[in-house]
Asker: 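Mind looking over this structure? Questions follow.
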Amino acid sequence: MGTCITIETVLGDITKLSVDAIVNAANSSLLGGGGVDGAIHRAAGPELLAECRRIAEKRRNVPGGPCPAGDAVISSAYKLPCKKVIHTVGPVWYGGSRNEPALLASCYRNSLLLAEEVGLHSIAFPNISTGVYGYPKELAAKIAQSAVKNTIHETPGITRVIFVCFDQENFRLYNTL
Ligand code: AR6
């Protein structure tokens, strides 16, 4: 029996989605920032930052941490309509020679594995690294799609994946690649 999975692309604000988990494009401090990270913290309320501080404190000895690029951690969602927030850290784009593609793929893969581990079924991703971190959108979209396709065989509990695009360019790319 095969597992049925739907992969969707939507244009909009990830903080509005009532899915099991939304993914945050965080930074390695886990203490908030701008972009989607700022929007998620604003919508969740201050308890999210308090929990992220506790997570960061526990992980203070992780090399490149508290959350190095490519890793993912999970928190509650507080005032958000989703159940959980998975915080992952995308790579900063330095031109492609600093392992950026593998690190970006790891963000998608590790977020899916974490969602599976805690029994979640639906997960929404923003376009990780394509804002402040400067990853070229087309390259990032291809990696996001292939990383999800290559991981879902290992996550039978995940039945719905949503790529949430905030800008028209990413929305067009996800619909044409
Ligand atoms: N819903 C969905 N997508 C959004 C939203 C939203 N509400 N707001 C922005 N985006 P960015 P990064 C899109 O810069 O490049 C933060 O300061 C945005 O249009 O949020 O991974 C962190 O703390 C873009 O396509 O994340 C880090 O320091 C995508 O989300 C740093 O930025 C990612 O853009 C991470 O940079």
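In each ligand, atom 1 is the first atom listed, and ligand 1 is the first ligand listed.
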Asker: Quick check for you: to the nearest 0.5 Å, what is the distance between Tyr94 atom OH and Tyr133 atom OH?
Answerer: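 Answer rounded to 0.5 Å: 8.5 Å.
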Asker: Checking a contact table here: which protein heavy atom is nearest atom 15 (O) of ligand 1, and how many Å away?
Answerer: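 For this ligand atom, the closest protein heavy atom is Gly131 N, 2.9 Å.
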Asker: Within ligand 1, which atoms have a heavy atom of Asp37 less than 4.0 Å away?
Answerer: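 Heavy-atom distances to Asp37 below 4.0 Å select 22 (C), 23 (O).
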Asker: Taking the non-hydrogen atoms of Ser129, is any one of them nearer than 4.0 angstrom to ligand 1?
Answerer: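 Per 4.0 Å heavy-atom rule, Ser129 contacts ligand 1.
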Asker: Taking side chain as C-beta onward, heavy atoms only, is Val36 less than 4.5 Å from Asn24?
Answerer: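 Yes. Closest side-chain heavy atoms under 4.5 Å.
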Asker: Which atoms of ligand 1 sit under 4.0 Å from any heavy atom of Ala25?
Answerer: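 Ligand 1 atoms under the 4.0 Å threshold to Ala25: 21 (O), 22 (C), 26 (O), 35 (C).
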Asker: Taking all heavy atoms of Ser122 and all of Asp20, pick out the closest pair and write down the distance.
Answerer: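 Smallest heavy-atom distance, with atoms named: OG-N, 2.9 Å.
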Asker: Give me the residue, atom name and distance of the protein heavy atom closest to atom 24 (C) of ligand 1.
Answerer: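 The protein heavy atom lying closest is Thr130 OG1, 3.5 Å.
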Asker: Evaluate Ala26 for polar contact with ligand 1, using N/O atom pairs at a separation under 3.5 Å.
Answerer: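 Not met; the criterion fails.
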Asker: Look at atom NZ of Lys83 and say whether more than 12 heavy atoms of other residues, nucleotides or ligands are closer to it than 6.0 Å.
Answerer: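 No, the 6.0 Å shell around NZ holds no more than 12 heavy atoms from other groups.
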Asker: Can you tell me how far the CG atom of Leu80 sits from the NE2 atom of His41, to the nearest 0.5 Å?
Answerer: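 With rounding to 0.5 Å, CG (Leu80) is 9.5 Å from NE2 (His41).
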Asker: Which of the numbered atoms in ligand 1 are under 4.0 angstrom from any heavy atom belonging to Gly12?
Answerer: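 Ligand 1 atoms under the 4.0 Å threshold to Gly12: 1 (N), 2 (C).
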Asker: With the side chain counted from C-beta on, respond yes when Trp93 and Ser129 share a heavy-atom pair under 4.5 Å apart, and no when they do not.
Answerer: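 A side-chain contact under 4.5 Å is absent here.
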Asker: How far does OH of Tyr174 sit from NZ of Lys137, to the nearest 0.5 angstrom?
Answerer: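 Between Tyr174 OH and Lys137 NZ, I get 11.0 Å after rounding to 0.5 Å.
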Asker: Do me a favour and list the nearest non-hydrogen protein atom to atom 31 (C) of ligand 1 with residue, atom name and distance?
Answerer: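 Looking only at protein heavy atoms, the one closest to atom 31 (C) of ligand 1 is Tyr133 CE1, 3.5 Å.
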Asker: Quick check: Ile128 and ligand 1, any N/O pair under 3.5 Å apart?
Answerer: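 Checking ligand 1 against Ile128, no N or O pair falls under 3.5 Å apart.
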Asker: Just to confirm my output: which protein heavy-atom neighbour is closest to atom 33 (C) of ligand 1, and how far is it?
Answerer: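 Protein heavy atom at minimum distance: Asn127 O, 3.3 Å.
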Asker: Suppose I only count heavy atoms of Asn170 and a 4.0 Å limit; which atoms of ligand 1 are within that range?
Answerer: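 Counting atoms of ligand 1 from 1, those under 4.0 Å from Asn170 are 25 (O).
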Asker: Using distance alone, decide if ligand 1 has a nitrogen or oxygen within less than 3.5 Å of any nitrogen or oxygen in Thr15.
Answerer: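 It does not: no N or O of Thr15 is found under 3.5 Å from an N or O of ligand 1.
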Asker: Do Val36 and ligand 1 have an N or O pair less than 3.5 Å apart?
Answerer: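 Yes - when backbone and side-chain N and O of Val36 are compared with those of ligand 1, one distance drops under 3.5 Å.
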Asker: For atom 16 (C) of ligand 1, find the nearest protein heavy atom and state the residue, atom name and distance (0.1 Å precision).
Answerer: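 For atom 16 (C) of ligand 1, the nearest protein heavy atom is Gly34 O, 3.4 Å.
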Asker: Keeping the roles fixed (side chain from Thr151, backbone from Val148), state whether a donor-acceptor pair exists under 3.5 Å.
Answerer: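 Absent.
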Asker: At what distance is the nearest protein heavy atom to atom 14 (O) of ligand 1, and which residue and atom is it?
Answerer: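 Atom 14 (O) of ligand 1 sits closest to the protein heavy atom Val132 N, 2.8 Å.
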Asker: Strictly below 4.0 Å, N to O, side chains only: are Glu57 and Arg60 in salt-bridge contact?
Answerer: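 So Glu57 pairs with Arg60 through a salt bridge.
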Asker: I need the contact type for Ala39 against ligand 1. Using non-hydrogen atoms and a strict under-4.0 Å cut-off, is it side chain, backbone, both or neither?
Answerer: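 Side chain only.
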Asker: Give the numbers and elements of all ligand 1 atoms closer than 4.0 Å to a heavy atom of Asp167.
Answerer: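 It comes down to these atoms of ligand 1: 19 (O), 25 (O).
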Asker: For the backbone of Cys67 and the side chain of Asp71, can you confirm whether one donor and one acceptor N or O come within less than 3.5 Å of each other?
Answerer: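 No, the answer is negative, given that no donor and acceptor are paired below the 3.5 Å cut-off.
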Asker: If you measure from CD1 on Ile74 to CG on Leu114, what distance do you get to the nearest 0.5 Å?
Answerer: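 Going from the CD1 atom of Ile74 to the CG atom of Leu114 covers 4.5 Å.
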Asker: Within this structure, what is the CG-CD distance for the pair Leu113 and Glu154, rounded to the nearest 0.5 Å?
Answerer: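 Rounded to the nearest 0.5 Å, the CG-CD separation comes out at 6.0 Å.
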Asker: Hey, what do you get for CD1 (Ile40) to CG (Leu49), rounding to the nearest 0.5 Å?
Answerer: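 Reported to 0.5 Å precision, the distance equals 13.0 Å.
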Asker: Under 4.0 Å from a heavy atom of Gly33: which atoms of ligand 1 are those, numbered in the order shown and with their elements?
Answerer: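 Answer for ligand 1: 17 (O), 23 (O).
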Asker: Any atoms of ligand 1 less than 4.0 Å from a non-hydrogen atom of Asp13? List them with their elements.
Answerer: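 The atoms of ligand 1 under 4.0 Å from a heavy atom of Asp13 are 1 (N), 6 (C), 7 (N).
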Asker: Is there a nitrogen or oxygen of Ile14 sitting under 3.5 Å from a nitrogen or oxygen of ligand 1?
Answerer: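 Yes, since at least one N or O of Ile14 sits under 3.5 Å from an N or O of ligand 1.
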Asker: Can you tell me the protein heavy atom closest to atom 13 (C) of ligand 1 and the distance?
Answerer: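 The answer is Phe166 CB, 3.8 Å.
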